[in-house]
Amino acid sequence: MTKKILKSYAELVAKVGANVQKNQEVIINASVDQVEFVSLVVEECYKCGAKSVTVDWATPPSILKNIVKYETVETLAEVPNWKIEKIKHQINTLPARIHIMSSAPDAMKGIDQAKLAKSRMMSYPIIKPLQDELNNKYQWTIVAVPSVEWAKKVFPELPKKAAVDSLWEAILTTARVTSDPIKAWESHNKNLLDRCNYLNSLNIDYLEYKSSNGTDFRVGLMDESIWCGGGETTIGGVYFNPNMPTEECFTSPKKGVAEGKVVSTKPLSYNGELIENFYFVFKEGKVVECHAEHGEELLKQMISMDEGASYLGECALVPFESPVNQTGILFYNTLFDENAVCHFAIGRGFTDCIKDFTKYSNKEMEEMGLNQSMIHVDFMIGSSDLSIDAYTKDGKKISIFKDGTWNF
Ligand code: ZN
């Protein structure tokens with residue numbers, strides 16, 4: 001990859017992804033093998049006027065494995081004061097956050113998942129109220145760069161360097177790093193916004209999904225549900241792009257209103273392991289049956305993390321011919337794979353998918369039907385013959401998707 005293209009990607013991340021503001025603090029999360037690209041992003045953040053840029057290097061999986069192995073579950077769950085102070089500093093200063101993802105999908109393989117999950121459940125009540133205070137107040141973006149391990153997972157037949165180059169190409173194509181990426185994102189965001197505006201104008205009561213693979217499913221929306229897509233705006237009014245790439249128009253459904261069967265169309269990479277060929281059956285919004293040809297135990301563990309983990313938190317519409325799907329690549333990474341085709345997410349709903357959400361307390365939003373959970377896991381259900389019909393509150397049936405793609 002040429003330095004020029006990487007610089008242009010780094011500029012896109014700082015300017016369009018995080019939209020770093022003058023005098024704002026920036027925190028970058030990245031792994032230690034990505035120093036070269038991280039340096040470029042740091043420089044671009046300063047060029048945007050950042051006051052300070054801190055790189056929070058991630059603990060490599062090889063070290064994390066031993067931490068989980070040797071520490072007691074109580075120690076793992078501890079949230080020491082300095083961590084709380086760190087989050088409080090963020091609540092006070094609202095730094096922009098840039099997550100540069102590069103780890104291999106199976107990097108966490110062999111880690112004691114049950115122990116890790118238990119410790120997270122234990123620390124969640126301490127972390128959650130702090131997280132709630134930060135929600136929707138700062139810009140953040142998730143972007144990717146290839147690591148050798150990840151590239152070899154996606155392109156096992158290629159030698160290391162060729163695999164990394166191929167993954168770079170796929171990342172840059174799907175992230176729209178064209179000759180003028182900033183302009184490309186402007187028009188892409190406009191297109192997504194137009195689609196969301198149309199969907200919001202329909203006043204949808206529920207959606208009906210059908211596909212020849214066995215998906216036959218109805219899901220209800222809240223009266224207050226709104227469709228979002230592309231960039232978002234912080235409560236303070238700063239526009240940013242949380243995901244690069246992004247292809248989806250999404251909303252949060254109403255908890256308790258989902259009936260029927262949804263069949264996965266792509267493997268799900270969860271906690272470093274693959275769950276393949278699975279389905280869920282929903283009744284009154286809750287998963288009452290699930291089966292996976294591979295990884296069924298993990299799937300069951302996932303939906304029993306807490307009460308909300310067996311309800312839906314997201315419905316997302318992505319056309320089958322999206323740039324991510326066109327690469328023909330399984331990225332083993334949700335940032336990309338969720339942007340390949342239509343999907344749902346199990347777990348937590350999005351507060352900003354509620355109209356005028358700043359007016360309501362979390363409890364009020366929960367009462368409207370916004371699901372709460374410590375997890376939010378996307379799974380793909382889009383296929384080339386998926387149809388989705390919207391049933392509106394005034395009794396009309398409108399086709400949204402036909403043959404896997406937009407029908408409006
Ligand atoms: Zn999504």
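The figures here come from the full heavy-atom set of this structure, side chains too, leaving out hydrogens, waters and symmetry mates. In each ligand, atom 1 is the first atom listed, and ligand 1 is the first ligand listed.
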Legend entry - Listed partners of Glu259 passing side-chain contact (heavy atoms from CB on, under 4.5 Å), at least two apart: Lys283, Glu284
Inset, instruction - Could you please give the number of protein N/O/S atoms within less than 2.8 Å of the Zn ion (ligand 1)? - result: 4
Inset, instruction - Give a yes or no on whether a salt bridge exists between Glu247 and Arg176, defined as a side-chain N under 4.0 angstrom from a carboxylate O. - result: yes
Legend entry - Check against ring pair (Phe, Tyr, Trp, His ring centres under 6.0 Å), Phe350 and His376: CA-CA 10 Å; Phe350 300 118; His376 176 98; 4.7 Å; yes
Legend entry - Donor-acceptor contact below 3.5 Å, side chain Ser123 vs main chain Val79: no
Legend entry - With Asp180 via side-chain contact (heavy atoms from CB on, under 4.5 Å) - residues at least two apart: Ile182, Lys183
Inset, instruction - Could you note down all residue pairs passing salt bridge (charged side-chain N to carboxylate O under 4.0 Å, His left out) where residues 15-31 supplies at least one of them, sequence neighbours left out? - result: Glu11-Lys15, Glu25-Lys51
